[in-house]
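In what follows, a single structure is set out as structure tokens and then discussed.
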Amino acid sequence: MMPRIDFYILAAEGHDPREHFCCRLAARAWREGLDVHIRTADEAMSERIDAALWTFEEASFIPHGREALDGDNPIVISADPAPGALIINLADSLPEDWTGRSRIAEIISADATTRRAGRTRYRDYQQGGAEPRTHRIDH
């Protein structure tokens with residue numbers, strides 16, 4: 001069975017809105033009972049997401065870490081493969097194991113480089129037999 005793939009198209013440019021939306025999405029998924037792998041492009045992005053998950057909601061704690069710790073971290077932030085029913089893919093390539101996941105979220109900001117890489121991944125998912133959905137996010 002193919003995973004559900006959602007592309008969230010942001011009106012804003014840059015990595016800050018993209019990473020903030022990633023935190024919102026990961027928190028919502030965790031509250032719905034999903035384990036999440038936030039797949040980052042590199043170590044610097046992993047560090048930014050890790051820091052953002054500590055601060056983006058003042059009144060709550062979102063459990064997360066850089067390693068799965070035998071399932072004790074429901075949100076894992078890593079450029080390397082990690083467990084999770086949902087992958088939030090912030091990297092420019094498809095996750096190697098994407099067909100084995102139940103959900104994939106792609107967050108695309110308005111800058112040209114991110115959009116171009118996102119279009120390529122959209123086509124790659126389609127060619128792999130998936131039917132991605134798109135959602136426009138204006139805030």
Side-chain angles (χ1 to χ4, degrees):
M1 187 169 133
M2 281 289 142
R4 174 181 166 170
I5 301 172
D6 294 288
F7 275 74
Y8 297 92
I9 312 301
L10 308 181
E13 290 188 27
H15 66 77
D16 287 343
R18 189 173 183 221
E19 292 172 6
H20 181 78
F21 187 81
C22 171
C23 291
R24 288 179 35 209
L25 192 61
R28 190 173 100 207
W30 168 70
R31 289 184 182 113
E32 292 175 2
L34 293 176
D35 286 338
V36 179
H37 172 208
I38 300 174
R39 182 176 182 252
T40 59
D42 54 34
E43 183 63 24
M45 182 183 281
S46 294
E47 289 175 9
R48 288 193 311 269
I49 296 290
D50 190 14
L53 278 168
W54 284 106
T55 59
F56 93 101
E57 284 186 356
E58 292 180 22
S60 64
F61 169 71
I62 307 301
H64 66 281
R66 304 290 294 280
E67 297 176 17
L69 300 177
D70 294 325
D72 286 341
N73 275 333
I75 300 174
V76 178
I77 307 157
S78 176
D80 298 323
L86 167 64
I87 292 179
I88 300 175
N89 188 29
L90 299 176
D92 286 338
S93 61
L94 294 184
E96 291 176 15
D97 61 345
W98 71 271
T99 58
R101 304 298 176 117
S102 57
R103 293 187 65 185
I104 298 169
E106 295 275 354
I107 304 169
I108 311 299
S109 59
D111 55 286
T113 303
T114 303
R115 291 262 166 125
R116 197 169 26 260
R119 286 186 190 107
T120 299
R121 288 193 306 282
Y122 190 95
R123 280 191 303 274
D124 291 344
Y125 286 126
Q126 284 182 317
Q127 290 173 353
E131 296 178 18
R133 305 173 198 193
T134 60
H135 312 275
R136 302 229 178 257
I137 309 297
D138 294 323
H139 56 281

Could you tell me the separation between the [atom1] atom of [X] and the [atom2] atom of [Y], rounded to the nearest 0.5 Å?
{"X": "Ile49", "Y": "His20", "atom1": "CD1", "atom2": "NE2", "answer": "11.0 Å"}
{"X": "Cys22", "Y": "Met45", "atom1": "SG", "atom2": "CE", "answer": "9.0 Å"}
{"X": "Arg48", "Y": "Leu53", "atom1": "CZ", "atom2": "CG", "answer": "13.0 Å"}
{"X": "Arg28", "Y": "Leu34", "atom1": "CZ", "atom2": "CG", "answer": "10.0 Å"}
{"X": "His15", "Y": "Ile107", "atom1": "NE2", "atom2": "CD1", "answer": "14.0 Å"}

Which atom names give the shortest non-hydrogen contact between Gly14 and Pro17, and what distance separates them? O-CD, 3.7 Å

Heavy-atom closest pair, residues Pro95 and Arg39: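 Closest approach of Pro95 to Arg39: N-NH1, 3.6 Å.
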
Just wondering, do Arg4 and Ile104 contact through their side chains at under 4.5 Å, heavy atoms? no

Using a 3.5 Å cut-off and no angle test, enumerate the donor-acceptor pairs between side-chain atoms of residues 73-84 and protein atoms at least two apart in sequence or in another chain.
{"residue": "Asn73", "atom": "ND2", "partner": "Glu67", "partner atom": "O", "Å": "2.6"}
{"residue": "Ser78", "atom": "OG", "partner": "Asp80", "partner atom": "N", "Å": "2.9"}
{"residue": "Ser78", "atom": "OG", "partner": "Asp80", "partner atom": "O", "Å": "3.3"}

Using 30° and 60° as the class boundaries, would you call the ring planes of Trp98 and Tyr125 parallel, tilted or perpendicular?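 If you compare the ring of Trp98 with that of Tyr125, the planes turn out perpendicular.
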
Indicate yes or no for a side-chain donor-acceptor contact from Arg103 to the backbone of Ala85 under 3.5 Å, with no hydrogens or angles considered. no

Using a 3.5 Å distance criterion without hydrogens, assess whether the side chain of Thr114 forms a donor-acceptor pair with backbone atoms of Ala110.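 The answer is no, because no donor-acceptor pair under 3.5 Å joins these two groups.
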
Please output the side-chain donor-acceptor pairs of residues 127-137 that fall under 3.5 Å, not counting sequence neighbours, one pair per line with the distance.
{"residue": "His135", "atom": "NE2", "partner": "Asp6", "partner atom": "OD1", "Å": "2.7"}

Sole residue of Ile88, Ile38, Val36 in side chain to side chain contact (heavy atoms under 4.5 Å, CB included) with Leu25: Ile88

If you look only at pairs with a residue in residues 111-120, which of them pass as a salt bridge (charged side-chain N to carboxylate O under 4.0 Å, His left out), with sequence neighbours excluded?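 For residues 111-120: none.
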
Under 3.5 Å, is there a donor on one side chain and an acceptor on the other for His64 and Trp30? no

More than 12 foreign heavy atoms under 6.0 Å from CD of Glu96: is that the case here?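 Open.
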
Would you say Leu90 ends up clustered with Ile5 if hydrophobic residues are merged whenever their side chains have heavy atoms under 4.5 Å apart, either directly or through other cluster members?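 Result: no, two separate clusters.
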
